[in-house]
Amino acid sequence: MVDQKITPLEFEKPLALLAQQIELLEKQIGEGAHPELENDLDRLNQQYDQLKRSLYSNLRGIDHLALARHPQRPYTRDYLGRWDSAWIEMHGDRKGVDDPAMVTGLLRMGDHKVVVCGTQKGRTIHEKKNCNFGMPQPEGYRKALRLFQHAEKFQLPIINLIDTPGAYPGLAAEEHNQAEAIAVNLRELSGLTVPVISVITGEGGSGGALAIGVANRILMLEHSVYSVISPEGCASILWRSADKVAEACTAMKMTAREIKQLGVADEVVTEPLGGAHHDADFAAEKLREALVRHLNELTKMSPKELRKDRQNKFRRLGAFVES
Amino acid sequence: MVDQKITPLEFEKPLALLAQQIELLEKQIGEGAHPELENDLDRLNQQYDQLKRSLYSNLRGIDHLALARHPQRPYTRDYLGRWDSAWIEMHGDRKGVDDPAMVTGLLRMGDHKVVVCGTQKGRTIHEKKNCNFGMPQPEGYRKALRLFQHAEKFQLPIINLIDTPGAYPGLAAEEHNQAEAIAVNLRELSGLTVPVISVITGEGGSGGALAIGVANRILMLEHSVYSVISPEGCASILWRSADKVAEACTAMKMTAREIKQLGVADEVVTEPLGGAHHDADFAAEKLREALVRHLNELTKMSPKELRKDRQNKFRRLGAFVES
Amino acid sequence: MFCSRGFLSENSFQRAAPRPEGLSDNDMDLKEWFANRKKKQEQAEVKQPLTTEEYCALWTQCFQCRELLYTKDLRENLHVCPKCLYHFRVGAEQRVEQLTDPGSFEEIDANLRSSDPLGFVDSEPYPKRLRDAERKSGLVEALLSGTATMEENPVALGIMDFGHFGGSMGSVVGEKVARLIEHAEEKRLPLILFSSSGGARMQEGILSLMQLAKTSSALKSFHDAGLLYISVLTEPTYGGVTASFAMLGDIIIAEPGARVGFAGRRVIEQTIRQKLPADFQTAEYLLSHGQVDMVVERTKLRETLVQLIEFHTKQNKPKSGSSQQTEPVIPGRAG
Amino acid sequence: MFCSRGFLSENSFQRAAPRPEGLSDNDMDLKEWFANRKKKQEQAEVKQPLTTEEYCALWTQCFQCRELLYTKDLRENLHVCPKCLYHFRVGAEQRVEQLTDPGSFEEIDANLRSSDPLGFVDSEPYPKRLRDAERKSGLVEALLSGTATMEENPVALGIMDFGHFGGSMGSVVGEKVARLIEHAEEKRLPLILFSSSGGARMQEGILSLMQLAKTSSALKSFHDAGLLYISVLTEPTYGGVTASFAMLGDIIIAEPGARVGFAGRRVIEQTIRQKLPADFQTAEYLLSHGQVDMVVERTKLRETLVQLIEFHTKQNKPKSGSSQQTEPVIPGRAG
Ligand SMILES: [Zn+2]
Ligand SMILES: [Zn+2]
């Protein structure tokens with residue numbers, strides 16, 4: 001019942017404490033020492049379930065952020081492998097770089113054949129470093145663009161999975177013009193005539209996320225977040241204090257439900273209670289069902305309609321007063 | 001009459017010797033020492049003119065090669081500046097590199113507005129190094145491609161000037177996939193719907209030359225050369241000797257007239273006697289006249305015709321027997 | 001009229017613009033300089049007919065070479081230091097004056113105002129910050145857009161003003177850029193956008209980020225229509241503006257010394273833990289790294305833009321009776 | 001049957017192929033190895049029932065791991081060393097056998113022969129070299145082209161053979177590639193080209209260079225027709241072939257260990273005057289440098305090609321009565 005392998009987050013500490021007590025009690029009962037404690041155990045288990053439900057239905061922005069960044073959260077490759085164990089990975093920008101932080105390939109999903117692109121964080125230290133903690137280089141965005149063009153040529157739908165702190169603020173990245181790499185992707189994605197669905201699976205960090213986020217449908221996992229700047233960056237600029245991350249999270253309205261209320265996300269996809277990392281299979285299946293449903297809808301549209309639909313979606317976004 | 005600033009080539013040595021004698025004689029006569037030598041001077045001058053004409057009408061392949069590589073030969077920028085002192089240079093591949101070995105820009109020529117691309121050798125030691133002796137990097141070919149696409153968008157004719165030993169055989173060039181850069185240019189040039197004219201102004205070295213050489217019309221300056229491999233490379237592979245460059249030049253049929261006979265070049269453009277470096281203004285004007293003439297013809301064709309014309313031109317090239 | 005630290009926008013000459021976020025303050029304050037100077041002069045010979053404020057109106061110190069410049073001369077030289085070519089920041093209205101035929105500029109979409117979709121509050125509510133920014137800068141938004149003629153060539157022109165809210169792009173800037181692009185496409189006008197921005201406007205959250213997609217998407221249609229877009233990068237252009245319309249020009253021009261990038265210098269230095277080259281992210285650095293087509297001095301910007309517009313829009317007219325070889329006359333070129 | 005140094009083409013097993021130009025000769029000669037062994041054995045106990053030639057027909061030494069392999073097993077493993085996965089070079093006909101449905105391959109353009117447009121002579125005239133190459137390799141050209149089916153999927157297939165004239169591309173190879181592309185476009189077939197080449201054929205001079213343009217141009221039309229082209233890079237692919245059709249695949253696959261580049265390793269080392277990394281220009285190096293989509297072992301090549309073809313050509317058939325969530329069956333996959 002209590003998943004021991006999952007590292008508890010700060011806000012999950014009360015739950016973890018309770019779980020420890022339950023475990024202790026179970027051990028004692030198991031050893032036959034205090035069979036009269038069984039009632040206590042039942043009560044504790046009930047408390048645990050209650051606390052869990054109430055905890056996860058009253059999460060603050062910063063709690064979602066913590067879940068979105070949970071080190072055990074499923075990453076792009078975890079989803080792809082579950083959806084199609086025979087998916088075909090494609091590599092490289094053809095110009096000197098294969099960015100491991102951007103995974104691209106061909107995949108079957110239900111009756112649909114799709115091109116997939118996704119940012120990839122690493123699990124092990126070596127992977128993390130290799131994937132630059134999920135921050136693609138300009139060449140990563142250009143690799144994605146190559147696959148978008150492949151999809152357009154063969155009229156294949158595109159699914160993008162987004163889980164990135166953003167583009168990498170590095171010397172080479174600026175030298176190789178990451179601003180241009182992102183901008184070109186925004187422009188070219190908007191012109192495609194195939195269905196494009198983007199999913200924020202974890203962190204949706206600024207322009208680096210949007211670079212594969214110009215889609216007909218934007219889905220967000222329940223605990224994922226999407227923001228114009230990292231909450232840390234926002235706190236340090238507007239509050240001039242690194243301690244105000246929670247305030248920045250709240251102010252920016254970056255949770256899945258808020259982003260949907262703002263008209264940016266089209267659907268919030270339910271995660272297992274406690275977050276996708278508690279049951280990656282379940283999370284992958286839920287997301288898969290949602291994707292197939294949207295694919296079924298979008299593939300009914302004509303190429304021209306698809307392009308127009310996507311351009312209209314972004315044309316409408318924004319809030320202003322016209323006097 | 002004798003141009004002193006021009007460095008004589010090996011095969012021009014007899015001419016240079018004669019020029020020295022004439023100069024000596026002129027000096028003596030000028031000093032009033034031997035006025036009776038005036039007849040000798042006339043005779044020598046006649047000899048000089050005769051030798052010059054006969055020398056330049058009986059050049060071997062390796063002599064053309066030497067002229068094509070003459071350090072004082074006009075380079076791309078020398079032509080562009082003479083054709084339009086107000087030409088507008090465009091820079092960069094937008095992805096991190098501006099290759100000085102590939103010059104690109106916008107230029108007016110007669111009533112025509114054209115996009116120009118050209119390989120650039122350096123004149124000074126600093127320039128030579130900067131331009132990598134006229135050998136573009138992959139990013140140089142991609143810079144040219146960007147301009148080709150610009151020309152296509154705005155339906156501007158393209159003029160390419162070629163004077164390059166070839167692509168650079170370097171580590172970074174291979175890493176950045178120069179083969180792909182060249183191949184993509186070949187494919188994309190063939191698909192353009194605007195007039196493309198390429199001119200071999202000096203050395204046309206292999207794939208690195210062809211990368212901006214897929215044109216509706218291929219012009220060659222009288223002493224320019226065009227070959228599938230450098231004569232030095234050919235000699236070392238087939239003759240296994242660096243001394244056999246002259247033989248390789250002859251065997252490969254790489255002079256302007258030979259390339260025209262093989263159906264590859266469409267026109268040989270006359271150079272001043274002794275080579276373009278003897279009178280760059282004249283050479284530039286002659287080439288300009290030829291270019292305007294071809295532009296006038298090509299701009300009468302429809303976009304579709306232009307593409308078809310270019311594809312047909314290369315489709316026909318080759319020699320084989322069909323039994 | 002107020003004194004200015006050269007580093008600030010030319011707006012500050014007239015409007016005491018708010019200190020843009022994220023800019024360093026290590027330059028010498030001109031008022032201080034005058035105060036010191038006055039003190040010295042008073043000690044020597046007491047003969048000081050002008051007040052400090054009057055002095056400031058007349059003189060401007062160059063941020064780069066520290067030369068004291070006669071403000072009127074500086075303005076006539078388009079706010080470029082005649083000594084060291086330092087390009088002072090200029091406001092959108094001044095750009096219009098510098099670039100367009102007199103009286104030809106017609107503003108569009110002047111009636112768009114920011115709202116507060118998130119109810120955003122940090123130390124102050126966003127609406128109050130907006131009112132303050134408007135009062136201080138005299139501008140209602142960070143972008144001025146409209147149509148004009150340049151040497152009789154009609155153009156669609158959008159100019160960002162760093163003086164308002166650090167040139168940040170929120171919904172209004174995004175909407176105005178998108179409408180300008182659509183207007184230019186409909187009328188088949190060449191489009192010129194001047195960028196100057198600290199990035200997306202945090203106070204409008206994710207909706208600001210979406211303006212990157214909105215503007216880039218509008219440029220896709222514009223591009224496919226075969227129309228000309230010239231992007232001009234001016235000091236400073238960062239973040240979401242760089243990563244959208246600023247980098248999508250058919251031709252990209254930068255003003256000398258302008259700093260342009262995606263991530264800011266300080267963020268990068270903190271990330272990679274090493275000092276960056278001094279010229280990092282300057283216009284000249286961008287040029288040598290293939291990111292811009294040309295760096296053009298402000299005093300030659302107008303003629304360059306006209307030349308480029310005429311090159312890409314005017315049909316070739318065969319001159320009757322003239323030879324094909326005649327050098328064409330390019331209007332607007334000094335030589 | 002002849003003995004082979006593993007480094008040479010599998011052709012050499014049957015045809016004693018000419019030594020390809022530009023390849024090193026530092027590997028141990030197998031005959032020598034046997035001679036030594038025999039000598040030793042004779043010294044010990046004289047019991048040697050097979051002649052050297054018979055031995056060679058039965059056994060092959062792996063070039064990489066030096067293991068002695070039973071030739072029949074090696075052939076059944078598609079000439080991939082079962083110990084170290086070294087990929088022996090194979091000829092075009094063998095590729096056809098390995099890849100296509102039995103009996104499905106129909107060659108086209110078999111009647112094209114090289115001519116001698118330049119009258120090229122070095123130490124020998126080009127026509128004589130051609131005759132020698134044909135006699136030694138049993139092939140009339142360096143490319144075999146035709147149509148076939150792969151697990152019932154019709155394809156246009158072109159395979160270069162390094163065994164003929166070092167796989168060099170002259171007019172015939174260029175013409176055959178162009179015709180194959182045109183044929184594939186007309187019949188709307190997926191196209192697969194296997195490259196293996198030392199580059200353009202010098203003996204046909206500038207006309208060889210023009211084959212780069214001819215083949216790339218044909219691929220432009222093919223590409224615009226929305227058809228699938230898979231390029232397979234095999235040991236070795238260099239020069240003009242790399243710089244044309246080999247690098248233009250929608251998908252590019254390389255065989256493990258295959259060396260692919262534009263300029264040759266030795267030329268680069270002479271130019272830059274430094275040693276290159278050991279894995280420079282190998283398939284694996286290309287993969288990590290973003291130049292190929294995947295490196296696929298020969299034993300999995302056929303199923304990968306079929307999978308890719310079916311992915312890009314077959315229409316999605318909604319399975320009647322089955323749920324959308326059912327994992328699709330991908331034919332030709334081992335698991
Ligand atoms: Zn100054
Ligand atoms: Zn082995």
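Excluded from the calculations below are hydrogen atoms, water molecules and symmetry mates; all remaining heavy atoms, backbone and side chain alike, are included. Here is the naming used below: chain letters follow the sequence lines, and residue numbers restart at 1 for every chain.
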Chain B: which of [options] shares the most heavy-atom pairs with it under 4.5 Å?
options                                : result
D:Thr242, D:Val267, D:Leu118, D:Thr271 : D:Leu118
D:Gly240, D:Gly290, D:Ser221           : D:Ser221
D:Val241, D:Leu212, D:Val260, D:Leu219 : D:Leu212
D:Gln211, D:Lys220, D:Arg201           : D:Lys220

Inset, instruction - Using a heavy-atom cutoff of under 4.5 Å, enumerate the residues of residues 135-142 of chain B that contact chain D, numbered in order, or state 'none'. - result: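 The residues closer than 4.5 Å to chain D amount to none at all.
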
Inset, instruction - Name, in order of residue number, those residues of residues 253-267 of chain B that have a heavy atom at a distance of less than 4.5 Å from a heavy atom in chain D; otherwise write 'none'. - result: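 At a heavy-atom separation under 4.5 Å, chain D is reached by B:Lys253, B:Ile259, B:Leu262, B:Val264.
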
Legend entry - Part of residues 247-257 of chain D lying next to chain B, heavy-atom separation under 4.5 Å: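 When heavy atoms of chain B are the reference, residues 247-257 of chain D contributes D:Met247, D:Leu248 within the under-4.5 Å range.
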
Legend entry - For chain B, which residues of residues 281-288 of chain D have heavy atoms nearer than 4.5 angstrom: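 The list, in residue order, reads D:Gln281, D:Tyr285.
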
Contact part of [X] toward chain D, heavy-atom cut-off under 4.5 Å: side chain, backbone, both or neither?
X        : answer
B:Glu247 : neither
B:Ser323 : both
B:Leu171 : both
B:Val214 : side chain
B:Arg307 : side chain

Inset, instruction - Please determine if B:Glu322 and D:Arg179 form a salt bridge, counting it only when a charged side-chain N lies under 4.0 Å from a carboxylate O. - result: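 Yes, this pair counts.
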
Legend entry - Pair D:Asp122 + B:Arg240, salt bridge at N-O below 4.0 Å: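 A salt bridge is absent here (no side-chain N lies under 4.0 Å from a carboxylate O).
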
Among [options], who wins on heavy-atom pairs under 4.5 Å with chain D?
options                                : result
B:Gly213, B:Ala181, B:Gly170           : B:Gly170
B:Glu175, B:Arg315, B:Met252, B:Glu180 : B:Arg315
B:Pro169, B:Cys234, B:Gly318, B:Ser190 : B:Pro169

Legend entry - Check: D:Gly261 main-chain N/O paired with B:Gln178 side-chain donor or acceptor under 3.5 Å: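 Checked: no pair found.
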
Inset, instruction - Specify the closest pair of heavy atoms between D:Ala200 and B:Val228, including all atoms of both residues, with the distance to one decimal. - result: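 The pair with the smallest heavy-atom distance is CB-CG2, 3.5 Å.
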
Legend entry - Greater than 12 external heavy atoms within 6.0 Å of B:Lys313's NZ: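 Yes, NZ of B:Lys313 has more than 12 neighbouring heavy atoms, counting only those of other groups under 6.0 Å.
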
Inset, instruction - Could you grab the distance from atom CG of B:Leu317 to atom OG of D:Ser208, nearest 0.5 Å is fine? - result: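 Reported value, rounded in 0.5 Å steps: 11.5 Å.
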
